[in-house]
Chemist: 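This is the structure I want to talk about, given as structure tokens.
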Amino acid sequence: MELENLRHGTELIKRGFARMQKGGVIMDVTNPEQARIAEEAGAVAVMALQAVPADIRKAGGVARMADPEIVAQIIDTVTIPVMAKARIGHFVEAEILESLGADMVDESEVLTPADEMYHIDKTGFTVPFVCGARNLGEALRRINEGAAMIRTKGEAGTGDVREAVRHMKKIMGEVRELAGKDKEELIKVARDIEAPIELVLESADLQRLPVVNFAAGGVATPADAALMMRLGADGVFVGSGIFKAENPEMMAKAVVEAVNNYDNPKKLAEISRGIGSGMKGMSADTILPEETLQTRGW
Amino acid sequence: MRIGIIAIQGDVSEHIDAVERALCERDIGGEVLEIRHEGIVPRCDAVILPGGESTTLGRLIEREGIAGEIQNAAKNGIPVLGTCAGLILVATRGDEQVHKTHQHLLGLMDVKVNRNAFGRQRESFEINLDLAFLDSPYTAIFIRAPAIMDAGPEVDVLSTINGRIVAARQNNVLALAFHPELTPDLRLHHYFLDMISVT
């Protein structure tokens, strides 16, 4: 086989990568040691970032992509895929992460946005992207820009799952509403939610998003993870919830097992026992509107 | 006919769709079972290990008590298909990367695997692949794919890329480094279903 016969970075390959993550837990890590703990616990991938969202909230200032040195160390440490966050619109951070060998880039509202008008044109990249969304319109706009995976935004760093629940239910509900509509009505929906008609038609036909849809933003316990799976998530991102917990090793393993046993309360009870307390967190409704992360991006 | 798909993690629904479409085309009755816990594998006429993260899959089939059941089934001649991560799990031996994560291998096929033989996600690729039993090339999707570095005498090599084995069969065990469940072409699922009636 000649190497020039290989086709890289096609839609099938990018979306296919996201599909391999289904039923799995992706954990935020800030150093190689945490990455090893995540891998040992059974995470399907790790997300490299400078600080977990709870600490980003506390620290304030500008949050940027992680130090390339740390990302490279994490890549060298684990065999599972390594994802990393770039700022919204910061295509150069994304290019740097791609060149480091990151397996997926999260264009994330958790970092300080670099562009207030435009998200990254993700179609030109070989590396696949995941993006946050609060509703169907936002999800389909990101997919139209080339996102191979969607996750709910939730409210990162709070340990309060309510916003992730809100966003997942909203997206699922909007997709269900598409069923039974005729083409003219779907065209109107596309106009109303500011999404491309082709993707609205595809979602109506599939009765789901055209790409993998994970839960993220406030998932802090095995029960939270199971709840999101019950609501129809394809898998779960856990940010601060692991390494802000009393016992990260036990919490990490328990969340992984909870995702595999999400529909078995008896098993979930066993899994959740004696694993130490979850992150302290903060109630999402105590955050001032201008300090929410989910309103970044559009 | 009952086809069990290990449904712990990975692209399970894609395999279910592909098997259901293949059964439909053959016009034979069949049931596709999702396997997340012990007790189901012994009731299956064939078992599929899907693509996903082999480290995660390996850990969870062990924790859930499914690993031993698959080994018993394979010993009894039940056809087993492993795709991508599944190819790693059916192997007897792994490279450094596999050892590093204390990966549990099922040891169903006498091969040594290289976990990410073709590199990271940016090196993932599509290719028109020739397979020994097909008369025209198959569009094969390789995602952070493994490959077989060397194979024992019992193993039939079905396809290679630059000397690396990407499809192989040892009696009732079929291993593919790529993802036949991601493309509409059902020829490989049909090939696997043929193994059920033969064995």
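In the text below, chain A, chain B and the rest are named by the order of the sequence lines, each starting its count at 1.
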Chemist: Can you name the nearest heavy-atom pair linking B:Ser124 to A:Ile13, along with the distance?
Modeler: CB-CG2, 3.6 Å

Chemist: Measure the CD-CG distance between B:Glu126 and A:Leu6 for me, rounded to the nearest 0.5 Å.
Modeler: 10.5 Å

Chemist: Between A:Lys22 and B:Ser13, do the side chains contain a donor N or O and an acceptor N or O under 3.5 Å apart?
Modeler: yes

Chemist: Quick one: which of A:Ile75, A:Val256, A:Asn260, A:Thr126 has the most heavy-atom pairs under 4.5 Å with chain B, could you say?
Modeler: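 Max contact count across the listed options: A:Asn260.
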
Chemist: Taking the side chain as everything from C-beta on, heavy atoms only, tell me whether B:Thr183 gets closer than 4.5 Å to A:Leu12.
Modeler: yes

Chemist: Does CD belonging to B:Gln71 count more than 12 external heavy atoms closer than 6.0 Å?
Modeler: yes

Chemist: Do A:Val259 and B:Gln9 come within less than 4.5 Å of each other through their side chains, counting heavy atoms only?
Modeler: no

Chemist: Check B:Arg122 with A:Glu98, please: is the shortest side-chain N to carboxylate O separation under 4.0 Å?
Modeler: no

Chemist: Less than 4.0 angstrom from a charged side-chain N to a carboxylate O is my criterion; do B:Glu181 and A:Arg19 meet it?
Modeler: no

Chemist: Please flag which part of A:Val127 lies under 4.5 Å from any non-hydrogen atom of chain B: side chain, backbone, both or neither.
Modeler: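 Contact with chain B is absent: no heavy atom of A:Val127 under 4.5 Å.
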
Chemist: Check whether any side-chain heavy atom of B:Thr139 sits under 4.5 Å from a side-chain heavy atom of A:Arg7, and report yes or no.
Modeler: yes

Chemist: Is any NZ, NE, NH1 or NH2 atom of the basic residue among A:Asp103 and B:Arg144 found under 4.0 Å from an Asp or Glu carboxylate oxygen of the other?
Modeler: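 A salt bridge links A:Asp103 with B:Arg144.
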
Chemist: Using a cut-off of under 4.5 Å for heavy-atom pairs, which of A:Ser99, A:Gly9, A:Gly235 has the most such pairs with chain B?
Modeler: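 The option with the most such pairs is A:Ser99.
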
Chemist: Decide if atom CZ of A:Arg230 counts as having more than 12 heavy atoms of other residues, nucleotides or ligands within a radius under 6.0 Å.
Modeler: no

Chemist: Taking the side chain as C-beta and beyond, is there a heavy-atom pair between B:Arg59 and A:Glu40 under 4.5 Å?
Modeler: yes

Chemist: Atom CD1 of B:Ile143 and atom NZ of A:Lys14: how far apart are they, to the nearest 0.5 Å?
Modeler: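 Rounded to the nearest 0.5 Å, the CD1-NZ separation comes out at 12.5 Å.
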
Chemist: B:Arg36 and side chain to side chain contact (heavy atoms under 4.5 Å, CB included): which partner among A:Asn264, A:Asn261, A:Asp263?
Modeler: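 Between B:Arg36 and the candidates, side chain to side chain contact (heavy atoms under 4.5 Å, CB included) is satisfied uniquely by A:Asp263.
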
Chemist: A side-chain contact here means heavy atoms from C-beta on lying under 4.5 Å apart; do A:Pro128 and B:Gln121 qualify?
Modeler: yes

Chemist: Just wondering, more than 12 heavy atoms not from A:Phe91 lying within 6.0 Å of its CZ?
Modeler: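 For A:Phe91, atom CZ is not crowded (no more than 12 foreign heavy atoms under 6.0 Å).
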
Chemist: Given a strict heavy-atom distance threshold of 4.5 Å, which part of A:Ala41 is in contact with chain B: side chain, backbone, both, or neither?
Modeler: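 Only the backbone of A:Ala41 comes within 4.5 Å of chain B.
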
Chemist: May I ask you to list the residues in residues 48-58 of chain B that approach chain A closer than 4.5 angstrom, counting heavy atoms only, ordered by number?
Modeler: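 Residues B:Gly51, B:Gly52, B:Glu53, B:Thr55, B:Thr56 are the ones that qualify, each having a heavy atom under 4.5 Å from chain A.
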
Chemist: Apply salt bridge (charged side-chain N to carboxylate O under 4.0 Å, His left out) to the pair A:Lys267 and B:Glu64, showing each step before the final yes or no.
Modeler: CA-CA 11 Å; A:Lys267 260 306 216 357; B:Glu64 297 290 340; 3.5 Å; yes

Chemist: For B:Arg115, is it the side chain, the backbone, both or neither that has a heavy atom under 4.5 Å from a heavy atom of chain A?
Modeler: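 It is the side chain, since no backbone atom gets that close.
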
